[in-house]
Amino acid sequence: MDMNQYLTMFIDESNDHLQSLNENMLQLESNPDDIGIVQIIFRSAHTLKGMAATMGYEDLASLTHQMENVLDLVRNEKLKMQDYIFDTLFKSLDALESMVQDITEGGDGKSDVSSIVASLQSIVRGEGAPTSEGAADGASPAVSVQGIELDEFQFSVLDQSISEGHQVLYIQVTLREDCQLKAVRAYMVFEALERSGEIVKTYPDVQEIEQGEFDRVFSLYYITQRETEDIDNQIKSISEIETTSVVALDHESLQQMVQESAATAEVVKSNDSAAESAPVSSSETTVKTNTAKESKASAPRNTGGGNPSRTIRVDIERLDVLMNLFSELLIDRVRLEQLASESNNQELTDTVEHMSRVSSDLQNIVLKLRMVPVDTVFNRFPRMVRDLAKTLDKKIDLIITGAETELDRTVIDEIGDPLVHLLRNSADHGVESIAERIAAGKPETGTVHLRAFHSGNNVFIEIEDDGRGIYREKILKNAIGKGVVTEAEGASMTDDEVNQLLFAPGFSTAEKISDVSGRGVGLDVVKSKIVALGGNVTIYSTPGKGTNFSVQLPLTLSIIAAMLIRMGSEKYAIPLSSIVETGIIKRGQVKHVHGSRMVQFRESLIPIVSLSRFFDVPDFDEEAEEETEIVVIRKGDRLAALTIDDFIGQSEIVIKNLGKYLPAIQGISGATILGDGQVALIIDANAFIK
């Protein structure tokens with residue numbers, strides 16, 4: 001069977017499982033006694049291992065299998081989570097992510113993980129660290145039922161399921177003698193059964209079966225709502241199965257099987273008695289009791305097939321094609337509206353108005369298809385901050401709010417790396433060491449807030465810490481020493497202007513170079529990337545209290561609201577998100593300050609930029625005008641006024657890339673096609689404000 005056709009699905013689902021594993025491992029680290037979280041982690045790891053084995057990525061499947069061995073001990077309360085176990089499991093997840101990334105880039109997913117495997121195996125053997133007192137302590141006496149070892153809890157789950165009307169089956173499967181891939185056939189049986197029920201226990205153990213360490217026969221206990229005959233036929237439909245035995249159990253037959261294996265139970269019990277000598281604390285008993293109740297209550301829910309998924313995966317390129325097609329439709333809609341307004345045909349006007357309403361609804365749907373929650377970017381940061389805190393020997397809490405805020409997929413693809421730099425900056429430079437925080441009267445645990453929220457046509461992402469803040473003198477000293485500014489320039493700069501020096505190329509306040517920071521690379525890249533996306537980043541800081549990096553981003557990069565303007569015979573579009581207001585000024589209101597043209601605007605002077613001169617418009621002479629229309633634009637907290645010829649009006653426009661054949665044109669971010677077929681250049685307001 002050609003597995004290449006399933007490669008994309010494998011990569012997508014593997015990344016989903018790895019993200020789930022990271023998130024749940026972080027939750028488990030906060031609540032190490034929550035067996036429910038361990039069960040979720042185990043299931044994700046088990047599914048990932050099965051997919052990897054099916055696709056032939058043996059290294060990935062083997063490492064996941066070793067993780068399963070550790071998690072199996074934890075979920076059966078034979079091992080208690082410790083810091084060194086969390087660190088080893090997180091290293092395993094990093095290795096798995098590297099393997100999947102290698103597969104994504106066309107590799108074979110192979111990696112040398114022998115040291116991690118050795119660490120996991122030593123944990124399973126109980127070497128290198130004390131075993132949990134509550135592991136085997138107080139574990140219920142184990143009994144063996146026809147070769148399948150059941151503890152009291154597993155027996156009670158089966159018995160309770162029978163009481164609640166579910167089918168409890170004892171299944172024995174024999175593979176053909178000439179079967180070449182026993183583990184694969186067993187996995188196919190497990191995969192088929194888990195679609196309509198829950199496997200409680202197998203013999204041999206799942207790990208031994210999946211490694212092929214059994215003869216030809218394996219057996220299991222199974223809970224389902226389907227009929228015995230259906231299950232039997234389902235297993236027999238798998239190739240290389242010789243025989244199956246599916247037996248439905250009731251209370252009496254289940255109890256009888258337990259009693260008939262009493263001799264074996266005594267042997268197992270005696271072997272485990274050495275590990276069960278310590279007393280059980282009341283708190284541990286409470287945890288086990290609660291877990292058992294939760295598992296029994298959830299058993300019926302897990303046995304059904306579940307609700308069918310109401311989502312589908314769509315290739316990004318298809319969405320791009322859909323967006324381009326709709327863009328053409330929008331251009332034609334505007335043209336039709338223009339033609340309808342010029343004609344006196346009422347029926348045509350009514351039809352065009354109806355088409356406009358329908359296409360507007362379609363536009364909203366198409367745009368929403370491209371909108372992705374920022375959670376897809378944010379969800380990698382808790383793990384990153386956790387690792388940074390350990391590396392820096394600090395205590396840091398990351399608090400995320402507004403993760404459901406949506407951004408255009410194009411922006412989402414690009415914003416991840418800048419946010420990584422800003423978070424690393426907050427963790428390293430912002431949050432103080434534990435000793436410094438205690439000396440300053442702060443809690444020893446620093447807090448970093450990561451927020452996202454809508455405001456108008458923009459999305460704001462803020463990273464705020466309660467650390468040491470930014471000190472003007474330190475920034476200026478470093479900037480002057482590196483030749484970024486002179487002493488005279490530094491003395492006349494405002495606090496905001498000094499803060500902006502952090503984005504200068506090569507600038508760094510780190511006293512020493514480390515793996516985290518100090519090389520003068522990062523914040524300049526952050527600003528360049530955000531500006532390239534049509535956004536802006538602003539710094540707010542209070543010395544000794546903390547720092548806030550506020551990133552402003554456009555809501556979408558595909559269709560925007562814009563003000564259309566005329567410069568002689570040429571037409572331009574200015575995004576409304578960059579416009580503060582419009583107005584008219586007289587020639588006498590223009591002032592000349594230090595060789596620059598300025599105009600009074602709301603009790604302050606702002607610079608004037610002549611678009612006709614900037615773009616060398618041939619058929620418009622601004623000097624001949626007594627009154628000139630202006631558009632006041634904004635970049636962060638700085639303003640400027642653009643002088644223009646005339647306003648055309650507000651319109652929704654489709655952004656078209658200028659293409660790779662045209663060089664980057666200063667002041668132009670793209671183009672759009674108007675309803676009359678003319679091309680209008682889209683003005684990049686950021687280019688006119690320094």
Side-chain angles (χ1 to χ4, degrees), residues 14-49 63-97 100 113 116-117 119-124 126 128-139 153 206-207 281 283-295 297-298 302 375 378-391 394-400 403 445 448 450:
S14 294
N15 285 322
D16 288 345
H17 283 295
L18 287 171
Q19 184 57 50
S20 173
L21 285 166
N22 268 301
E23 291 174 356
N24 285 293
M25 280 293 296
L26 289 170
Q27 288 187 32
L28 184 62
E29 194 172 33
S30 301
N31 303 282
D33 294 326
D34 192 335
I35 302 299
I37 299 177
V38 179
Q39 296 281 17
I40 296 172
I41 295 171
F42 184 88
R43 285 196 292 270
S44 285
H46 180 69
T47 304
L48 180 58
K49 179 186 71 174
L63 178 56
T64 317
H65 171 72
Q66 298 298 333
M67 292 176 61
E68 266 191 325
N69 290 342
V70 174
L71 294 167
D72 192 48
L73 291 176
V74 177
R75 69 174 184 160
N76 289 315
E77 301 185 37
K78 295 179 180 178
L79 180 69
K80 193 172 182 66
M81 292 298 293
Q82 305 287 344
D83 284 345
Y84 76 97
I85 300 178
F86 279 113
D87 290 341
T88 305
L89 289 173
F90 275 125
K91 288 178 183 177
S92 303
L93 290 179
D94 289 340
L96 291 174
E97 288 176 354
V100 173
V113 291
I116 300 176
V117 168
S119 298
L120 292 169
Q121 290 174 339
S122 68
I123 292 172
V124 173
T131 56
S132 165
E133 294 180 1
D137 308 349
F153 164 66
V206 173
Q207 291 83 359
S281 69
S283 62
E284 291 167 346
T285 304
T286 302
V287 170
K288 291 177 183 176
T289 302
N290 291 342
T291 304
K293 288 179 180 178
E294 290 167 4
S295 298
S298 63
N302 294 335
D375 180 59
F378 284 8
N379 56 21
R380 73 169 105 154
F381 296 143
R383 168 71 194 283
M384 186 191 80
V385 172
R386 179 255 184 201
D387 291 346
L388 276 176
K390 278 186 170 288
T391 302
K394 297 178 180 180
K395 293 184 177 180
I396 303 174
D397 279 344
L398 176 64
I399 300 175
I400 297 177
T445 301
V448 177
L450 177 60

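When all heavy atoms of I85 and K80 are compared, the pair lying nearest together is CD1-O, 3.6 Å. Taking every heavy atom of both residues into account, L18 and V100 meet most closely at CD1-CG2, 3.7 Å. Heavy atoms only, all atoms of each residue included: A45 and T64 are closest at O-CG2, 3.0 Å. The two atoms that bring I37 and N24 nearest to each other are CG2-O, 3.4 Å, heavy atoms only.
With rounding to the nearest 0.5 angstrom, the CD1 atom of I116 is 11.5 Å from the CD atom of Q66. Rounding to the nearest 0.5 angstrom, the gap separating the CZ atom in R75 from the CD1 atom in I40 is 12.5 Å. Summarising the geometry, atom CG belonging to L21 is positioned 9.5 Å from atom CG belonging to L89; distances are rounded to the nearest 0.5 Å. The structure places CG of L450 at 4.0 Å from CZ of F378, a figure rounded to the nearest 0.5 Å.
Under the 3.5 Å distance criterion, the side-chain polar atoms of Q19 are matched with a main-chain donor or acceptor of N379. In this structure a side-chain-to-backbone donor-acceptor pair under 3.5 Å is missing from S20 to D16. For the pair S122 (side chain) and S119 (backbone), a donor-acceptor distance under 3.5 Å is present.
Residues I35 and N76 form no side-chain contact, since every pair of their non-hydrogen atoms from C-beta on lies 4.5 Å or further apart. For the pair D94 and R383, the minimum side-chain heavy-atom distance is below 4.5 Å. Taking 4.5 Å as the limit, some side-chain heavy atom of M67 sits within range of a side-chain heavy atom of L93. For the pair M25/N22, no side-chain contact is recorded, criterion being any heavy-atom separation below 4.5 Å from C-beta on. Counting only heavy atoms from C-beta outward, the side chains of L79 and V70 approach each other to under 4.5 Å. F86 places a side-chain heavy atom less than 4.5 Å from the side chain of R386. A heavy-atom distance below 4.5 Å is not found between the side chains of V385 and V448. Counting heavy atoms from C-beta on, the side chains of V74 and L28 never come closer than 4.5 Å.
Between D34 and Q27, the side chains place no donor N or O within less than 3.5 Å of an acceptor N or O (distance only, hydrogens not considered).
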message: Checking K390 against D87 for the side chain to side chain contact (heavy atoms under 4.5 Å, CB included) test, could you report, in this order, the C-alpha distance in whole Å, the side-chain angles of both residues, the deciding distance, and whether it holds?
response: CA-CA 10 Å; K390 278 186 170 288; D87 290 341; 3.4 Å; yes
task: Just do the side chain to side chain contact (heavy atoms under 4.5 Å, CB included) check on L63 and L120 with the steps written out, would you?
output: CA-CA 9 Å; L63 178 56; L120 292 169; 3.9 Å; yes
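Under a 4.0 Å N-O distance rule, the pair D387/K91 does not qualify as a salt bridge.
Note on ring orientation: taking the six-membered ring where Trp is involved, the planes of F42 and H46 are parallel (angle under 30°, cut-offs 30° and 60°).
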